[in-house]
K.L.:
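For reference, the structure I am asking about is given below.
Just so you know, ligand 1 is whichever comes first in the structure, and atom 1 is the first atom listed for that ligand. Keep in mind that this is a model prediction, so the values were computed, not measured.
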Amino acid sequence: MSYTKDDILREGKTKIIRCGPDEESLIMCYKDTATAFDGAKKEDLAGKGKLNAAISHKIYTYLARHGIETHLIGVIDDTSALVKKAEIIMVEVIIRNVAAGSFSKRYGVAEGTALNNTVIEFSLKNDDLGDPMINESQITALGLATLEELAEMAGQALRINELLSRLFAQAGIKLVDFKLEFGRSSGKILLCDEISPDSCRLWDMKTHEKLDKDRFRGDSGNVLDGYQDVLGRLKNV
Ligand code: TMP
Ligand code: ASP
């Protein structure tokens with residue numbers, strides 16, 4: 001599909017949001033840009049948008065089939081989707097099944113350490129502040145979300161974790177951790193944004209090889225080979 005600059009409502013680090021065909025929808029376009037460390041590291045990886053769009057669409061369709069309400073209305077082309085307009089809640093939900101990333105660093109536990117229970121964290125969606133971790137009383141104090149909304153988001157995130165852990169396991173992949181974003185739309189809390197190797201840690205079940213954006217964060221190369229591998233494996237389940 002061809003777009004004009006006038007259609008652009010917002011441009012983020014990895015996606016462009018454009019006007020939709022009506023008042024209730026938007027067009028979400030995936031860019032090839034890869035960023036890490038809140039945008040401090042940035043590079044264009046040709047084909048990343050297409051891979052993330054395909055992976056995220058596959059996952060969102062799977063979640064919808066299993067009763068999760070998402071913003072996805074339909075796929076438009078290789079890099080864009082029609083989504084429901086929603087007011088994004090400025091709180092990100094992070095789920096962890098295995099220690100890695102900032103959890104390992106903050107608490108001094110080796111990457112790959114098993115956890116006694118699933119961890120759920122909230123962080124403020126604000127790159128300038130480094131997406132700081134934020135607790136429920138801080139969230140309600142700042143009016144970012146109500147306790148009821150947080151409970152709904154947490155419940156959905158845990159259910160999504162069960163569904164995706166199972167889906168990825170069938171593909172021989174361990175879902176280590178991931179980040180979700182939610183929005184308010186017609187009085188409901190909807191899963192928004194994307195779920196892709198940009199927003200998840202995905203390790204090969206047997207070898208623990210990293211297939212996600214940690215390849216980019218850690219400069220280990222072959223970033224998109226990992227994404228392609230994830231897509232290929234998901235196509236087979
Ligand atoms: P972290 O270990 O850096 O806190 O990241 C936890 C998970 O959340 C990991 O899968 C990457 C994802 N994530 C994002 O998608 N966006 C972000 O801004 C951050 C900080 C993490
Ligand atoms: N999502 C953030 C960024 O793109 C942080 C990260 O993933 O490392 O800069």
Side-chain angles (χ1 to χ4, degrees), residues 10-17 28 30-45 48-49 51-53 55-56 59-60 63 70-71 88-115 117-135 144 153-154 156-158 160-161 163-165 167-168 173-183 191-204 208-220 223-224 226-227 230:
R10 273 192 309 282
E11 177 156 4
K13 288 177 296 179
T14 60
K15 286 184 296 288
I16 295 175
I17 304 297
M28 189 170 87
Y30 290 76
K31 304 200 289 187
D32 281 342
T33 314
T35 72
F37 314 117
D38 303 312
K41 182 175 160 77
K42 189 172 169 190
E43 215 174 290
D44 263 13
L45 302 175
K48 185 179 84 92
L51 284 166
N52 273 356
I55 293 167
S56 197
I59 289 174
Y60 272 60
L63 290 175
T70 84
H71 71 161
I88 295 295
I89 296 172
M90 299 308 275
V91 174
E92 300 180 341
V93 183
I94 291 168
I95 296 283
R96 301 182 191 273
N97 296 308
V98 177
S102 68
F103 184 93
S104 286
K105 206 181 260 174
R106 184 178 300 118
Y107 303 115
V109 279
E111 275 215 340
T113 303
L115 301 170
N117 53 264
T118 304
V119 169
I120 179 158
E121 292 171 10
F122 297 116
S123 64
L124 177 66
K125 184 173 156 63
N126 184 326
D127 277 337
D128 294 339
L129 299 175
D131 291 348
M133 208 198 252
I134 188 164
N135 71 25
L144 299 170
M153 288 157 67
Q156 285 200 35
L158 291 170
I160 290 166
N161 184 42
L163 291 167
L164 293 190
S165 293
L167 177 75
F168 280 116
I173 293 171
K174 176 73 191 171
L175 178 59
V176 172
D177 58 32
F178 58 99
K179 181 264 305 175
L180 300 175
E181 293 185 25
F182 293 91
L191 178 65
C192 292
D193 197 50
E194 67 181 292
I195 302 181
S196 72
D198 271 11
S199 61
C200 305
R201 285 197 175 87
L202 303 167
W203 295 355
D204 180 273
H208 292 179
E209 183 189 6
K210 294 175 177 181
L211 306 172
D212 56 75
K213 201 171 83 172
D214 267 352
R215 289 190 182 191
F216 176 72
R217 294 189 187 97
D219 280 325
S220 52
V223 179
L224 295 190
Y227 287 42
V230 171

K.L.:
Are Arg201 and Asp177 within salt-bridge range, i.e. N to O under 4.0 Å?
P.N.:
yes
K.L.:
Give the atom numbers and elements of ligand 2 that come within less than 4.0 Å of a heavy atom of Gly39.
P.N.:
3 (C), 9 (O)
K.L.:
Could you identify the single nearest non-hydrogen protein atom to atom 8 (O) of ligand 2 and state the distance to 0.1 Å?
P.N.:
Arg217 NE, 2.9 Å
K.L.:
Tell me the closest heavy-atom pair linking Ile134 and Leu124, and the distance in Å.
P.N.:
CG2-N, 3.7 Å
K.L.:
For ligand 2, which atoms, with element, lie under 4.0 Å from some heavy atom of Phe37?
P.N.:
5 (C), 6 (C), 8 (O), 9 (O)
K.L.:
Which is closest to atom 3 (O) of ligand 1 in terms of heavy atoms, Arg217, Arg201, Arg96, Glu92?
P.N.:
Arg201
K.L.:
Can you tell me which residue and heavy atom of the protein come closest to atom 16 (N) of ligand 1, and the distance to 0.1 Å?
P.N.:
Lys179 CE, 3.6 Å
K.L.:
Grab the two heavy atoms, one from Ser104 and one from Ala99, that are nearest each other, plus how far apart they are.
P.N.:
OG-C, 3.4 Å
K.L.:
Consider every N or O of Asp177 and every N or O of ligand 1, then say whether any pair is closer than 3.5 Å.
P.N.:
yes
K.L.:
So is Lys13 polar-close to ligand 2, meaning N/O to N/O under 3.5 Å?
P.N.:
yes
K.L.:
For Lys41, which part has a heavy atom under 4.0 Å from ligand 2: side chain, backbone, both, or neither?
P.N.:
neither
K.L.:
Could you tell me if any non-hydrogen atom of Lys213 lies under 4.0 Å from any atom of ligand 2?
P.N.:
yes
K.L.:
Quick one: is the NZ or CZ of Lys41 closer than 6.0 Å to the six-membered ring centre of Phe216, and within 45° of its axis?
P.N.:
yes
K.L.:
Please state which protein non-hydrogen atom is closest to atom 4 (O) of ligand 2 and give its distance, to 0.1 Å?
P.N.:
Thr35 OG1, 2.3 Å
K.L.:
Relative to atom 4 (O) of ligand 1, which among Pro197, Ser102, Ala99, Ser199 owns the nearest non-hydrogen atom?
P.N.:
Ser102
K.L.:
Under 4.0 angstrom from atom 21 (C) of ligand 1, is there any protein heavy atom?
P.N.:
no
K.L.:
For atom 5 (C) of ligand 2, what is the nearest protein heavy atom, given as residue, atom name and distance?
P.N.:
Asp38 N, 3.6 Å
K.L.:
Using every non-hydrogen atom in the two residues, find where Ser123 and Asp131 come nearest and quote the distance to one decimal.
P.N.:
CB-O, 3.5 Å
K.L.:
Pull out every atom of ligand 1 sitting under 4.0 Å from any heavy atom of Gly101, numbered as shown with elements.
P.N.:
2 (O)
K.L.:
Answer yes or no: is there a donor N or O on one side and an acceptor on the other, between the side chain of Asp212 and the main chain of Leu202, under 3.5 Å?
P.N.:
yes
K.L.:
Please name the pair of heavy atoms, one in Ala157 and one in Phe182, separated by the smallest distance, quoted to 0.1 Å.
P.N.:
N-CZ, 4.3 Å
K.L.:
Can you measure from CG (Leu51) to CG (Leu45) and round to the nearest 0.5 angstrom?
P.N.:
10.0 Å
K.L.:
Should you measure from each heavy atom of Cys200, which atoms of ligand 1 turn up under 4.0 Å away?
P.N.:
10 (O)
K.L.:
Determine whether any heavy atom of Asp198 lies closer than 4.0 Å to an atom of ligand 1.
P.N.:
yes
K.L.:
Between Arg217 (side chain only) and Phe37 (backbone N and O only), is there a donor and an acceptor less than 3.5 Å apart?
P.N.:
no
K.L.:
Is the side chain of Lys31 donor-acceptor paired with the backbone N or O of Gly49 at a distance under 3.5 Å, no angle test?
P.N.:
no
K.L.:
Does the protein place any heavy atom closer than 4.0 Å to atom 12 (C) of ligand 1?
P.N.:
yes
K.L.:
Is the number of heavy atoms from other residues, nucleotides or ligands within 6.0 Å of NZ (Lys13) greater than 12?
P.N.:
yes
K.L.:
Starting from atom 17 (C) of ligand 1, find the nearest protein heavy-atom neighbour and note its residue, name and distance.
P.N.:
Asp131 OD2, 4.0 Å
